[in-house]
2 protein chains.
Amino acid sequence: MKQAALPRAAPGARRRLSEVLDAAARVFAQRGYHGASTKDIADLLGMRQASLYYYFDSKDAALEAVCREGHQGYVERIRRIARSDASASERIALALFHQAAPERRDFTLVFLRERRFLPLPARKRIRAFEVQYERAIQRLIEQGIRSGEFRADLDARMATLAFFGLGNSAAVWYGREPAVTPERLLRAYVDLLVRALRLTH
Amino acid sequence: MKQAALPRAAPGARRRLSEVLDAAARVFAQRGYHGASTKDIADLLGMRQASLYYYFDSKDAALEAVCREGHQGYVERIRRIARSDASASERIALALFHQAAPERRDFTLVFLRERRFLPLPARKRIRAFEVQYERAIQRLIEQGIRSGEFRADLDARMATLAFFGLGNSAAVWYGREPAVTPERLLRAYVDLLVRALRLTH
DNA sequence: CCTCAATTCTATTGTGCTATAGAATCGGTC
DNA sequence: GACCGATTCTATAGCACAATAGAATTGAGG
């Protein structure tokens, strides 16, 4: 799989490209990468299947682009949170809210479920982002422990994995049950997580 | 998709069938339902692709069988737990342990990730099991609230979803990092979850 | 009106996949 | 050793899909 060779800048080019990305994300999220055909994406755009190859070198490249987009901004957002003067609990809460935010849901879902189908080189590129983000979250927790806000006997690695377990499941879940709105679910998850991490006094 | 018409009883028939099921689970878990070909399964069995159709009417039917198997026993196990005289916390712990147990992992993963690709009738059949199980877990939590062991202000529905969020993510996770053994991960998750649910005193 | 680049199209190639049909094989039983 | 059901095989139909090649179209600027 070659690097996605994006079309050179042009008025409205960025715009159209991102529409194509949206469509790909939508279709990949709905049917899964292997279950989705390039024709499905093209149909959603009112375009012929072959025309897509003007924007992407391959189906793989499209998946990589969607995954990138899906993880985009996570790292910088978490850095902004880390720089803020909020308490550890508040930081965890903010991070969880951001990560499982229902906007860009298709991109997030594709990142979570389909990135494993990327060819190895692309998967490595994406993995680099992941690791950075995961470390940032873990650092948040470790700081909470050091500051005494979280329990000293807390296993930071395990707590980090729990963070992702909850966060990712939230992203997957909502929409399934009308009574469970994203807000309600996230609020509850944040509450549970913070209770689990904090010192009980 | 027709119901899977299983071959009539024969000496060793059950045995061979379950080997075929194992292979299907393995391949579906590894490559995803749409990413896996029936030839992949046959190769794993040292068999020709077409021979598989002696055991299954269609690829769909194979997926349904694997999903069934993946969820099998959950309901009865949870019933046994519910009938035991353990405390609410202990019950939750047991349930989480059982659900994310690393045995039968391929089946669990396929159930979690691929059941959505089942054709509607099959998906409905599988869903019936799910609902039963989910209710049983929620009942466990509600009982814990009523008995005063868990916080009275706990949202039982949200706690149930958190249970599955953690449990399912555990099933997905291990194997990725050698330092994170299933035991360690599950122990940590159980601890976190119980802390989050229990009254703080 | 002409040019040129960007964008989309038509047409097609080649491949891989599910599923069916019917023949061959195997192992046990009478 | 002929029979029989269970199991696996060969062969193939038929379709869907990713990707390529090159032509047509569109629209902005001179």
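The figures here come from the full heavy-atom set of this structure, side chains too, leaving out hydrogens, waters and symmetry mates. Residue numbers begin at 1 in each chain, while the letters A, B, ... track the order of the sequences.
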Which whole-number value in Å describes the distance from [X] [atom1] to [N] [atom2]?
X: B:I41; N: D:dT8; atom1: CD1; atom2: P; answer: 15 Å
X: B:L52; N: D:dT7; atom1: CG; atom2: C1'; answer: 12 Å
X: B:D43; N: D:dT8; atom1: CG; atom2: C1'; answer: 15 Å
X: B:Y53; N: D:dT10; atom1: OH; atom2: P; answer: 17 Å
X: A:L63; N: D:dC17; atom1: CG; atom2: C1'; answer: 17 Å
X: B:L17; N: D:dT7; atom1: CG; atom2: P; answer: 9 Å
X: A:K39; N: D:dC17; atom1: NZ; atom2: P; answer: 8 Å
X: B:K59; N: D:dA16; atom1: NZ; atom2: P; answer: 15 Å

Query raised in the report: Under 4.0 angstrom, heavy atoms only, what part of the nucleic acid is B:A36 near: base, sugar-phosphate, or nothing?
Result: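 Counting heavy atoms under 4.0 Å across all strands, the contact made by B:A36 is with sugar-phosphate only.
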Requested in this report: May I ask you to decide whether A:R16 forms a salt bridge with A:E19, counting only side-chain N to carboxylate O separations under 4.0 Å?
Outcome: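 Yes, charged N to carboxylate O under 4.0 Å.
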Establish, from distance only, whether the side-chain atoms of [X] and [Y] form a donor-acceptor pair under 3.5 Å.
X: A:Q72; Y: A:R104; result: no
X: B:E134; Y: B:T160; result: no
X: B:Q49; Y: B:D43; result: no

Between protein and nucleic acid, restricted to nucleotides 8-12 of chain C and to nitrogen or oxygen atoms under 3.5 Å apart, what atom pairs and distances do you find?
from: C:dT8; atom 1: OP1; to: A:R16; atom 2: NE; distance (Å): 3.2
from: C:dT8; atom 1: OP2; to: A:Y55; atom 2: OH; distance (Å): 2.5
from: C:dC9; atom 1: OP2; to: A:R48; atom 2: N; distance (Å): 2.8
from: C:dC9; atom 1: OP2; to: A:S51; atom 2: OG; distance (Å): 2.8
from: C:dT10; atom 1: OP2; to: A:R48; atom 2: NE; distance (Å): 3.1

Report task. Name all residues meeting the salt bridge (charged side-chain N to carboxylate O under 4.0 Å, His left out) criterion together with B:R77; count only those two or more places apart in sequence or in a different chain, and write none if there are none. Result ->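 B:R77 satisfies salt bridge (charged side-chain N to carboxylate O under 4.0 Å, His left out) with no residue once adjacent residues are dropped.
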Query raised in the report: Are B:D40 and B:F28 close enough that some pair of their side-chain heavy atoms sits under 4.5 Å apart?
Result: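 The answer is no, as the side chains (C-beta and beyond) never meet within the 4.5 Å cut-off.
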Query - Separation between CD of A:E177 and CZ of A:R184, rounded to the nearest 0.5 Å - result: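 Interatomic distance, A:E177 CD to A:R184 CZ, rounded to 0.5 Å: 8.5 Å.
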Query - The single option from B:R127, B:R125, B:K124 passing salt bridge (charged side-chain N to carboxylate O under 4.0 Å, His left out) against B:E64 - result: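 Of all the options given, the one that passes is B:R125.
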Query raised in the report: So which of residues 21-35 of chain B are in contact with DNA chain D, with a heavy-atom cut-off of under 4.0 Å?
Result: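 When residues 21-35 of chain B is checked for heavy atoms under 4.0 Å from DNA chain D, there are no hits whatsoever.
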Report task. I would like to know whether A:D22 and A:R26 meet salt bridge (Lys or Arg N to Asp or Glu O under 4.0 Å); could you show each step before the answer? Result -> CA-CA 6 Å; A:D22 284 350; A:R26 183 97 167 269; over 6 Å; no
